[in-house]
Asker: 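Have a look at this one.
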Protein chains: 2
Amino acid sequence: MTDTGKKKATIYDLSVLSGTSASTVSAVLNGSWRKRRIKDATAQLIQDLAEHHGYTANLQARGLRSSRSGLVGLLLPVYDNRYFSSMAQSFEALVRSRGQCPVVVSACRDPREERQVVETLISYSIDELFIAGATDPDGVHALCEKAGLKHVNIDLPGTRAPSIISDNYEGARLLTQAIIERALQDGPLTPDELYLFGGRDDHASHERIRGFREVKRTLLGADPDACIQPTGYSPAMTARAFEAFYEGHGKLPRAFFVNSSINLEGLLRFLGQHPHETFADIIVGCYDYDPFASFLPFPVFMIQQDSEAMLAKGFAILEAPRRAPVTVLVQPTLVPPRTALTGPLDQLSDAGGNG
Amino acid sequence: MTDTGKKKATIYDLSVLSGTSASTVSAVLNGSWRKRRIKDATAQLIQDLAEHHGYTANLQARGLRSSRSGLVGLLLPVYDNRYFSSMAQSFEALVRSRGQCPVVVSACRDPREERQVVETLISYSIDELFIAGATDPDGVHALCEKAGLKHVNIDLPGTRAPSIISDNYEGARLLTQAIIERALQDGPLTPDELYLFGGRDDHASHERIRGFREVKRTLLGADPDACIQPTGYSPAMTARAFEAFYEGHGKLPRAFFVNSSINLEGLLRFLGQHPHETFADIIVGCYDYDPFASFLPFPVFMIQQDSEAMLAKGFAILEAPRRAPVTVLVQPTLVPPRTALTGPLDQLSDAGGNG
DNA sequence: ATTCTCTGCACCATCGATTGTGCAAAAGTG
DNA sequence: CACTTTTGCACAATCGATGGTGCAGAGAAT
């Protein structure tokens with residue numbers, strides 16, 4: 001790739017250099033040349049020239065003409081937690097392995113931002129879209145539908161497009177049961193000693209709360225409404241809920257279920273403000289897995305959602321001829337305290353060593 | 001936005017509907033219409049039509065013609081840790097606030113992948129590129145240069161383009177000093193009780209090791225080479241280093257400096273395999289901040305890098321007329337153990353509550 | 001009334017690649 | 001040698017938006 005010339009080479013440049021037409025160059029360089037009965041020698045010549053001049057196709061031009069782009073989008077609510085960043089990591093690898101180009105964007109759980117972002121992606125003729133945790137999946141669906149864009153919901157279901165979600169109900173049951181069993185080791189547990197913090201009015205929260213309440217009622221016999229504290233997906237709000245509880249009771253609940261790792265950060269903020277005795281004996285369950293959180297100085301049970309499986313399933317569904325608005329459940333896994341799982345980063349080759 | 005029609009509307013559709021020419025429609029819809037002396041009434045008519053038909057510009061066509069795209073790229077090594085995911089989060093907000101569209105891609109610390117990704121981005125005529133932690137910044141630089149793409153290095157410096165990096169040397173000094181002081185509270189510390197794990201042959205690692213060794217020599221009087229254990233950026237390799245040390249010494253070093261949060265995950269893997277006594281008294285410093293890691297059951301000092309400041313500085317440099325290959329140092333902050341800092345997620349509005 | 005200046009817009013080439021179609025020249029057939 | 005078939009490629013329209021240029025008509029100036 002000797003960089004001859006200053007501007008990027010185009011098929012027209014190569015057509016002059018090779019003494020062929022632009023359409024021949026195009027065919028050779030996009031692989032359709034056998035179908036077009038281009039001579040092997042001609043193809044070879046053009047490929048050599050292309051390499052020599054560092055030719056790369058102008059993807060905007062290609063996309064404009066063919067109305068496809070080779071891009072696959074992933075729409076995230078946020079980046080900054082291990083569940084979504086890990087999903088982005090897996091997504092990259094998966095899309096790359098399929099010869100397409102991953103594009104990840106976040107929309108900050110804002111329905112307007114979501115639409116805006118999707119419009120932009122559509123304007124770039126992306127080929128497929130994975131919608132992870134959209135606040136308004138059906139609104140986004142309408143846009144995709146209109147543009148003929150293949151898409152699936154991941155993590156939060158929509159009613160109009162295929163959805164692949166964690167089995168939040170089952171996961172919550174597993175997690176609740178684990179917390180309760182662990183708490184019982186330290187003596188009997190009364191219903192008002194087990195709380196749930198975090199989440200809001202989305203499908204995932206509902207299902208988790210449902211699973212929590214059911215197991216709790218079964219094992220502990222009751223579940224006062226006051227034990228459910230939805231605080232939204234915000235560390236600050238969650239911290240406030242813990243503070244409020246602490247002010248009212250002089251301690252934290254003996255055991256509690258936290259709706260997500262983002263909410264669990266709210267717990268950290270509380271911890272930072274209080275001495276160790278305050279939480280020496282608590283038992284926590286968190287829906288989401290974060291390796292560092294698993295090693296906090298009290299037992300933390302976590303639920304790992306299998307984002308890689310969800311994405312893989314998503315691709316499978318997009319490839320299938322019929323795409324009914326089915327909902328596929330993917331089973332999450334209970335992770336006991338003090339567990340360091342491997343993640344997508346472990347797939348990366350890193351020679352390591354100092355050289 | 002009533003979705004009249006099935007295909008996406010173009011300026012030609014609107015030109016027919018409005019009885020004007022396509023160029024007029026184009027001018028009205030891209031804001032250049034005052035300059036083109038379009039009558040207010042005409043503009044209004046076209047805007048109404050556009051809204052009614054849910055017109056959105058085909059950005060590939062626009063980009064092709066104007067060879068600009070409104071896209072700003074961020075090239076990351078990986079997503080899956082808090083430093084980079086937090087950087088991505090800040091990046092999104094910053095770019096959005098400037099009316100452009102953020103595109104984040106990762107290249108897995110693979111020089112070939114880096115080039116490949118940058119080529120792709122260039123083919124989409126992105127306007128600016130932030131290169132965070134490129135393995136081969138100058139190789140990437142060459143590509144950008146050739147394409148006339150404005151770019152800056154973030155986090156790891158290149159020699160050919162402006163670079164904005166953390167003051168790794170100073171950060172390492174702060175961190176080393178903090179660990180040593182804390183260790184001295186528990187009694188005298190000998191040079192062979194303080195180790196460094198992680199990092200490889202990149203600029204950041206070098207600077208951190210330099211800072212570590214200097215402070216250590218100053219405060220402890222010596223620094224045996226064996227105390228430096230570069231393991232690459234891989235949790236597995238780092239875990240192996242801890243295991244090896246443990247096998248040789250029957251315990252972990254009393255205090256150690258870990259090169260990054262990714263390496264710190266290696267420590268978790270070790271911890272998961274050993275009883276609590278093994279690490280009851282260790283003192284850890286980690287270059288990078290992760291809120292959960294800050295609350296591990298032993299003192300963890302962390303360094304928070306100011307990625308938001310780096311990005312902001314990057315934009316400033318890109319806007320400046322002259323762009324010499326300067327290197328700008330941004331000061332990181334020492335974060336004492338058990339500290340929950342707020343992050344970019346706190347900027348997000350989240351009504352919270354159950355409704 | 002004539003010339004000049006604006007105003008308001010239409011026309012058209014252009015960005016770089018894709019693709020249906022057409023047509024020479026080469027090769028095969030009888 | 002005349003005729004068909006195949007090979008190998010060129011032509012030109014097209015995707016949707018942009019922006020330089022030109023020009024008709026309204027109003028102003030003389």
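The figures that follow rest on heavy atoms only: side chains count, while hydrogens, waters and symmetry mates do not. Order of the sequence lines sets the chain letters (A, B, ...), proteins ahead of strands, with each chain counted from 1. Computed from a predicted model, the values in this text were never measured in an experiment.
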Asker: First and last nucleotide of DNA chain D touching chain A, 5' to 3', heavy-atom cut-off 4.0 Å?
Answerer: D/dT7 to D/dG16
Asker: So which pairs with a foot in residues 84-95 of chain B pass salt bridge (Lys or Arg N to Asp or Glu O under 4.0 Å), sequence neighbours left out?
Answerer: B/Glu92-B/Arg96
Asker: For residues 94-121 of chain B, which residue pairs pass the ring-ring contact (aromatic ring centres under 6.0 Å, His included) check, not counting sequence neighbours?
Answerer: none
Asker: Suppose we screen for ring pair (Phe, Tyr, Trp, His ring centres under 6.0 Å). Which residues come up paired with B/His141, at least two apart in sequence or across chains?
Answerer: B/His151
Asker: If the condition is side chain to side chain donor-acceptor pair (under 3.5 Å), which residues does A/Ser85 pass it with, not counting sequence neighbours?
Answerer: B/Asp80
Asker: By salt bridge (Lys or Arg N to Asp or Glu O under 4.0 Å), which residues pair with B/Asp127, not counting sequence neighbours?
Answerer: B/Arg68
Asker: For A/Arg62, answer base if it contacts any base atom (sugar-phosphate contacts may also be present), sugar-phosphate if it contacts only those atoms, and nothing otherwise; contact means non-hydrogen atoms under 4.0 Å.
Answerer: sugar-phosphate
Asker: By salt bridge (Lys or Arg N to Asp or Glu O under 4.0 Å), which residues pair with A/Arg34, not counting sequence neighbours?
Answerer: A/Asp40
Asker: Not counting sequence neighbours, which residues clear side chain to side chain donor-acceptor pair (under 3.5 Å) with A/Ser307? List them please.
Answerer: none
Asker: Is B/Ser67 touching bases, backbone alone, or none of the nucleic acid, heavy atoms closer than 4.0 Å?
Answerer: nothing
Asker: Scan residues 14-31 of chain A against DNA chain D and write down, sorted by residue number, each residue with any heavy atom closer than 4.0 Å; if none is found, say none.
Answerer: A/Gly19, A/Thr20, A/Ser21, A/Ser23, A/Thr24
Asker: With B/Arg62, which residues qualify under side chain to side chain donor-acceptor pair (under 3.5 Å), at least two apart?
Answerer: none
Asker: In terms of side-chain heavy atoms, does A/Gln60 have a donor or acceptor partner in B/Ser69 at a distance below 3.5 Å?
Answerer: no
Asker: Report the residues that fulfil side chain to side chain donor-acceptor pair (under 3.5 Å) with B/Thr56, sequence neighbours left out, ordered by chain and then residue number.
Answerer: B/Lys8
Asker: Bend across the helix from C/dA1-D/dT30 to C/dG30-D/dC1, to 10°, with axes taken over 5 pairs at each end?
Answerer: 50°
